[in-house]
Amino acid sequence: MKILVCISHVPDTTSKINFVESDTKFDVQGVQFVINPNDEFGLTRAMWLKENQGALVDVINVGLQTSESTLRKALAIGADRAIRINAEPTDGYFVAKQIAEFVKENPYDLIIAGRESIDYNGAMVPGLIAGFLDIDYVTNCTKLDIENGKVILDREIDGGKETLSGSLPLIIGGQKGLVEENDLRIPNMRGIMQARQKPLDTLEPFNFSPNTSTLKFHKPEPKQAVKLIDADNLDELINLLQNEAKVL
Amino acid sequence: MAVITYIESSNGKIKKSGFELASYASELAKQMNSSAIAVTINCSNIKEIGKYGIEKVLKINNDLLNEFNAKLYSDVIVQASNNFDCNRIVLSSSSDSKYLAPLVAAKLEASYLNNVISLPSNLNPLTVKRTAFTNKAFSDCCSSSAKIIIGLSNNSFGLVENSVSVIEEDFKVNLVNSNLSVKSTEKSSGKVSIADADIVVSAGRGMKGPENWNLIEDLANTLGAATACSKPVSDMGWRPHSEHVGQTGKPVATNLYIAIGISGAIQHLAGINSSKIKVVINNDPEAPFFKAADYGIVGDAFEVVPKLNEKLKEFKLQNS
Ligand SMILES: Cc1cc2nc3c(=O)[nH]c(=O)nc-3n(C[C@H](O)[C@H](O)[C@H](O)COP(=O)(O)OP(=O)(O)OC[C@H]3O[C@@H](n4cnc5c(N)ncnc54)[C@H](O)[C@@H]3O)c2cc1C
Ligand SMILES: Nc1ncnc2c1ncn2[C@@H]1O[C@H](COP(=O)(O)O)[C@@H](O)[C@H]1O
């Protein structure tokens, strides 16, 4: 079984969000970049399939050279090979076209991406790839088991979960649940040493253009100070919620 | 060039978010001097959409569509929008609609702009405001594609009443069954889901242990609210994963978010920031959540929550 894990290179969740160049670009100054949390769950699940079912695991990123640190980390966690498509990941359409074209030339049985990336929150890359390649797709995936080519998955739905069965090839949008938080892999010394010997191939992008563009970013308006209400005066809270906030 | 929207239903009835979506689609159509069409699947109370300005409703009744299937549902939307030559497609931000949206986008070679929170500020190129960085910022995005899908953020637009008489039309679709099939569905029955709730009561590690969640559930029951929790609470197995809200959990965009014993870490706030009114109950006046809240109570949750619940019960009795 060949697995491709799509890795998005995103600012750490604690990052301060600021913009530069007249609010047209994200300010990377002092920002730590990490593997998108949803992709980390998928990558760890892929490691499990590698160790228990002999899968080969490649990771792919569409990004500039700055994302190589993130790909090296994925190799240190245990991926066999990394591919970087050398282009700025301007929008989800562009990224999905790049990955879909790559997969047309290099087929995989299973493609694991994240439900969404935490920077631009597109929630579209895996679904677009599925649409472009006409392969089955399940997102918000919280469980993935494969036996003799048969796939059993859980999908989180509003207010519960759904269990699905399907077959390969397949693409998923994964999230927490694919593996437990405590089982997430962190690179160890041996992994980091081995990663240096593993292939990290850089490919030039296929000829597609983004179909959206971002004109300007805004930061939220500063918030008004909180109204503190005495714990002995809960009637006041109810009054404010009813008459001022009008939410009761 | 009409606007088309897919109005979700559950058990044959339009979901509440469907009326907001209908409002948005018909206001968008007005802006474009056009009209709005709604796609409904196995749905019965269609007339009600007319209250929000939708003039034509397509009725699709097909047994293959009894259960949600992203591929089949996206095929329906693609066929309907092609048939009526619709270049603007409005979808909700429910998990189902977010699932099918990119499939529709790929089939139609359309642009997909999601997390949209307002009507376009410009129609050509279509320019909308969306949230980015999980609610830590906003962006103005545009697209010049011929076809564009707008994913509307829940609770960001509200309802706009504009009664019209609805033309209902049966619409036949061609469907090829998909490889993926649903084996079982587990829904916490009788409970409000976070996505559909007007009020969410959420609690964190300050509740000390799962045995104390009856306080949270009682309060939620009184308010008709959904329950939610912080990430460590679901990681420790005190509550199901599906209740975990925040940047790496579910987003919450509700009218009232009540946070109990939650410190207000940046990742938590990111996910709930687009809720309209935030109330925090925490015994530490320095808890960062107070900076993000509208109303705050410094106090012990174990005393405040039961008292608040009693008062709200009285309030509900008087106002029902
Ligand atoms: C990559 C990453 C992603 C993350 N994503 C998320 C996410 O999506 N969602 C999320 O929630 N977290 C997320 N976190 C975790 C986040 O950083 C915090 O650790 C977490 O939100 C804290 O949860 P808490 O507020 O329940 O617990 P704590 O931080 O321990 O806070 C408990 C609070 O309860 C108060 N308290 C204690 N006793 C009482 C009492 N008797 N009455 C009233 N108040 C009391 C305390 O004063 C304190 O403020 C993420 C972290 C990382 C690293
Ligand atoms: N630049 C990228 N390179 C590789 N994979 C990506 C990239 N951007 C997004 N993805 C994948 O697509 C998922 C969803 O991203 P998005 O559609 O941007 O929210 C992510 O979790 C990744 O798995």
Side-chain angles (χ1 to χ4, degrees), chain A residues 13-14 17 19 37-38 92-93 118-124 126-128 130-132 136-140 142 152 156-167 176-177 181 211-220 223-224 226-231 234-235 237-238 240-241 245 247-248, chain B residues 70 94-95 98-99 101-103 105-107 111-115 127 132-134 136-143 145 178-188 191 193 195-196 235 241-242 247-248 255-256 266-267 276-277 290 292-299 304 307-308 311-312 315:
Chain A
T13 54
T14 55
I17 307 296
F19 302 103
N38 289 317
Y93 173 83
I118 60 164
D119 49 1
Y120 299 101
N121 313 112
M124 67 177 88
L128 287 172
F132 295 146
D136 291 334
Y137 167 52
V138 177
T139 195
N140 292 8
T142 54
I152 299 286
E156 193 170 290
I157 55 177
D158 292 337
K161 73 168 186 196
E162 192 177 79
T163 301
L164 298 130
S165 82
S167 51
K176 187 170 98 166
E181 181 88 13
N211 66 10
T212 60
S213 54
T214 299
L215 304 173
K216 207 174 172 68
F217 290 101
H218 311 268
K219 298 226 281 178
K223 200 156 173 55
Q224 287 200 332
V226 60
K227 273 195 188 161
L228 287 181
I229 294 132
D230 199 287
L234 295 173
D235 291 321
L237 177 66
I238 295 174
L240 287 167
L241 291 177
V247 288
L248 282 187
Chain B
S94 72
S95 13
K98 277 191 154 171
Y99 184 2
L103 298 174
K107 283 274 150 54
S111 293
Y112 174 35
L113 294 164
N114 75 352
N115 302 323
T127 309
F133 296 93
T134 342
K136 290 176 191 165
F138 302 99
S139 62
D140 294 328
C141 286
C142 74
S143 169
S145 300
S178 104
N179 283 329
L180 279 167
S181 61
V182 175
K183 291 290 159 221
S184 61
T185 308
E186 264 173 51
K187 271 202 173 182
S188 12
K191 282 191 69 178
S193 80
D196 297 326
D235 287 343
H241 283 313
S242 54
Q247 188 166 13
T248 54
N255 283 333
L256 173 60
I266 186 167
Q267 299 95 347
K276 294 215 172 71
I277 299 291
F290 284 106
D294 301 279
Y295 303 107
I297 290 176
V298 180
V304 175
K307 264 208 283 185
L308 181 62
K311 299 244 177 223
L312 280 166
F315 170 84

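Lettering of chains follows the sequences in order, A, B, ..., and the numbering in each one begins at 1.
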- Item | Top of A:G166, A:G127, A:G131 for chain B proximity - count of heavy-atom pairs under 4.5 angstrom | A:G127

- Note on the structure: To the nearest 0.5 Å, atom CG of A:L128 lies from atom OH of A:Y137 at 8.5 Å

- Task: Examine whether an atom of A:P220 lies under 4.5 Å from a heavy atom of chain B, and if so say whether it belongs to the side chain, the backbone or both; otherwise answer neither.
- Result: both

- Message: Can you tell me which portion of B:F315 sits under 4.5 Å from chain A's heavy atoms? Options are side chain, backbone, both or neither.
- Response: side chain

- Mind listing the closest non-hydrogen atom pair of A:T212 and B:S143 along with its distance? CG2-CB, 4.2 Å

- Pairwise distance CD1(A:I17) to CG(A:D119) - rounded to 0.5 angstrom: 8.5 Å

- Note on the structure: Interface check, chain A: of B:A292, B:S184, B:A195, most non-hydrogen pairs under 4.5 Å belong to B:S184

- Task: Give the member of A:A245, A:A130, A:P37 that has the highest number of heavy-atom pairs under 4.5 Å with chain B.
- Result: A:A245

- Query: Which atom names give the shortest non-hydrogen contact between A:M124 and B:P102, and what distance separates them?
  - Reply: O-CB, 3.7 Å

- Message: Please report the interatomic distance OG(B:S94) to CG(A:D158), rounded to the nearest 0.5 Å.
- Response: 5.5 Å

- Item | Salt-bridge present (B:D294, A:K227; N to O < 4.0 Å) | no

- Query: Could you state the interatomic distance from CD (A:E156) to CD (A:E162), rounded to the nearest 0.5 Å?
  - Reply: 11.5 Å

- Looking at B:G296, B:G299, B:S139, which one has more heavy-atom pairs under 4.5 Å with chain A than the rest? B:G296

- Under 4.5 Å, counting heavy-atom pairs only, tell me which of A:N140, A:D230, A:V138 racks up the most with chain B. A:V138

- Between A:F19 and A:H218 the two heavy atoms that sit nearest each other are CE1-O, 4.3 Å

- Message: Tell me which of these, A:Q224, A:K219, A:K161, has more heavy-atom pairs under 4.5 Å with chain B than the rest.
- Response: A:K161

- Please determine, among A:T139, A:V247, A:T13, the option with the most heavy-atom pairs under 4.5 Å with chain B. A:T13

- Note on the structure: Under 4.5 Å to a heavy atom of chain B? For A:L241 that would be side chain

- Message: Looking at every non-hydrogen atom in both residues, tell me the closest pair between A:I118 and B:T134 and how far apart they are.
- Response: O-OG1, 3.1 Å

- Message: Heavy-atom pairs under 4.5 Å with chain B: which of A:G92, A:G159, A:S165 has the most?
- Response: A:S165

- Message: If the threshold is 4.0 Å, N to carboxylate O, is there a salt bridge linking A:K176 and B:D235?
- Response: yes

- The interface call for A:K216 against chain B, heavy-atom contacts under 4.5 Å, is both

- Which bit of B:A293 is near chain A, if near means a heavy-atom gap under 4.5 Å: side chain, backbone, both or neither? both

- Which bit of A:I238 comes within less than 4.5 Å of chain B, counting heavy atoms only: side chain, backbone, both or neither? side chain

- Message: So which residue, B:T127, B:I277, B:D196, ends up with the most heavy-atom pairs under 4.5 Å with chain A?
- Response: B:I277

- Given a strict heavy-atom distance threshold of 4.5 Å, which part of B:L113 is in contact with chain A: side chain, backbone, both, or neither? side chain

- Task: Counting only heavy atoms closer than 4.5 Å, note whether B:L308 contacts chain A via side chain, backbone, both or neither.
- Result: both

- Query: Hey, what do you get for NZ (B:K183) to OG1 (A:T163), rounding to the nearest 0.5 Å?
  - Reply: 10.5 Å

- chain B heavy atoms under 4.5 Å from A:F132: which part of the residue, side chain, backbone, both or neither? both

- Task: Measure the spacing between CZ of A:F217 and NZ of B:K136 and express it to the nearest 0.5 Å.
- Result: 14.0 Å

- Message: I'd like to know which of B:A101, B:S178, B:A132 tops the heavy-atom pair count under 4.5 Å against chain A.
- Response: B:A132

- Message: Quick check on A:N121 against chain B: is it the side chain, the backbone, both or neither that has a heavy atom closer than 4.5 Å?
- Response: both

- What closest approach, in Å, do A:D136 and A:S167 show between heavy atoms, and which atom pair accounts for it? OD2-O, 4.4 Å

- Message: For B:N114, which atoms come within 4.5 Å of any heavy atom of chain A: side chain, backbone, both, or neither?
- Response: side chain

